[in-house]
Amino acid sequence: LEAHMRTKLAQWGGNSSGVNVANIDNLGVVHPDTFWWHHALGNVKTRPFSEIWQDTSDPLMAGLKAQPRKIKGRCSQCRYFDICGGNTRVRALQLSNDPWNEDPACYLSDEEIGLNEAGDRLKITPFSRPAKA
């Protein structure tokens, strides 16, 4: 059962933003998924969704559709990468300004993901709202 489940999870490939998951907002703007509202790919009012979705001239869409994705940091060496695909790219972008950085919210230890030498993790700090002037 475990081998079967792993095979199925690997077939799915993990995070599917820009591949099997899309978002079209109330104005017709297409986004890689519901968490990427700040990144517009086009508008279905002026261009068919099928054209927008297959267009990899946008560097983000090219990277999301790449097989495998070119993820950096510990995710690139993880034994479960084929299952999660680097997980949430928007979270990496928001915390590091690089959508291809490791997922900073991965809870697995270096040992669990198969790393023998622990490297530096992506540094994160708790969010706090800026003080109003």
Side-chain angles (χ1 to χ4, degrees):
L1 181 63
E2 182 181 336
H4 176 74
M5 290 301 295
R6 190 180 204 305
T7 299
K8 291 297 180 188
L9 290 169
Q11 283 175 341
W12 178 253
N15 181 280
S16 292
S17 299
V19 180
N20 296 323
V21 177
N23 175 261
I24 303 173
D25 68 24
N26 59 319
L27 300 176
V29 179
V30 179
H31 309 276
D33 76 15
T34 56
F35 297 104
W36 285 96
W37 273 50
H38 61 282
H39 193 90
L41 300 169
N43 193 302
V44 295
K45 294 179 181 178
T46 59
R47 188 174 174 206
F49 175 78
S50 58
E51 288 181 18
I52 296 169
W53 201 243
Q54 296 306 313
D55 186 353
T56 56
S57 64
D58 180 290
L60 179 65
M61 284 299 278
L64 290 172
K65 291 181 182 297
Q67 291 294 323
R69 289 179 177 168
K70 307 287 190 256
I71 307 300
K72 301 172 186 172
R74 67 196 296 266
C75 290
S76 68
Q77 302 167 50
C78 178
R79 74 173 70 174
Y80 302 110
F81 185 79
D82 63 330
I83 292 174
C84 84
N87 205 1
T88 307
R89 302 294 83 227
V90 73
R91 185 167 43 222
L93 173 69
Q94 290 173 341
L95 292 173
S96 72
N97 205 31
D98 182 353
W100 313 118
N101 217 327
E102 68 185 57
D103 181 358
C106 180
Y107 61 88
L108 297 175
S109 70
D110 288 339
E111 294 78 24
E112 287 174 303
I113 68 171
L115 294 179
N116 294 327
E117 295 182 27
D120 290 336
R121 296 284 310 262
L122 180 62
K123 304 288 187 251
I124 59 172
T125 57
F127 175 79
S128 62
R129 204 171 291 285
K132 291 184 179 183

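Count residues from 1 along the sequence.
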Check your understanding: Using links of under 4.5 Å between side-chain heavy atoms of ILVMFWY residues, direct or through other members, which residues join Leu41 in one cluster?
Key -> Ile24, Val30, Phe35, Trp36, Val44, Phe49, Ile52, Trp53, Leu60, Met61, Leu64, Ile71, Phe81, Val90, Leu93, Trp100
Review point. After noting the C-alpha distance and the side-chain angles of Arg89 and Asp103, does the key distance pass the side chain to side chain contact (heavy atoms under 4.5 Å, CB included) rule?
Key: CA-CA 7 Å; Arg89 302 294 83 227; Asp103 181 358; 3.9 Å; yes
Exercise for review: Sorted by first residue and then second, give each ring-ring contact (aromatic ring centres under 6.0 Å, His included) pair with at least one member in residues 9-32; sequence neighbours left out.
Suggested key: His31-Trp37
Review point. Which heavy atom in Pro99 sits nearest to a heavy atom in Ala92, and how many Å separate them?
Key: O-CB, 4.0 Å
**Study point:** Qualifying residues under salt bridge (charged side-chain N to carboxylate O under 4.0 Å, His left out), relative to Arg6, sequence neighbours excluded
**Key:** Asp82
Review point. Tell me, which pairs form a salt bridge (charged side-chain N to carboxylate O under 4.0 Å, His left out) where one or both residues lie in residues 55-66, sequence neighbours left out?
Key: Arg47-Asp55
Point to revise | Check: Gly14 main-chain N/O paired with Ser16 side-chain donor or acceptor under 3.5 Å | key: yes
Review point. Should the heavy atoms of other residues, nucleotides or ligands under 6.0 Å from CG of Asn97 be counted, would the total exceed 12?
Key: no
Practice item. Look up atom SG in Cys106 and atom CZ in Arg91, then write down how far apart they are to the nearest 0.5 Å. Key: 9.0 Å
Practice item. To the nearest 0.5 angstrom, please state how far the CD1 atom of Ile113 sits from the CZ atom of Arg79. Key: 8.5 Å
**Study point:** Value rounded to 0.5 Å, distance of CG in Asp110 from CZ in Arg74
**Key:** 4.5 Å
Exercise for review: Measure across Gly73 and Glu102 and return the closest heavy-atom pair with its distance rounded to 0.1 Å.
Suggested key: CA-OE1, 3.7 Å
Review point. For the residue pair Pro32 and His39, what are the closest heavy atoms and their distance?
Key: CD-O, 3.7 Å
Point to revise | Value rounded to 0.5 Å, distance of NZ in Lys8 from CD1 in Ile83 | key: 13.5 Å
**Study point:** NE2 on His4 to CG on Leu9, rounded to 0.5 Å
**Key:** 9.5 Å
Revision key, fill the gap. Residues pairing under salt bridge (charged side-chain N to carboxylate O under 4.0 Å, His left out) where one sits in residues 19-37, two or more places apart or in two chains, turn out to be none
**Study point:** Residues forming a salt bridge (charged side-chain N to carboxylate O under 4.0 Å, His left out) with Arg69, sequence neighbours excluded
**Key:** none
**Study point:** Modelled atom types, side-chain donor and acceptor of Asn15 and Ser17, under 3.5 Å
**Key:** yes
**Study point:** Rounded distance (nearest 0.5 Å) linking atom SG of Cys75 with atom CG of Asn101
**Key:** 8.5 Å
Review point. Would you find more than 12 non-hydrogen atoms of other residues, nucleotides or ligands less than 6.0 Å from His38 atom NE2?
Key: yes
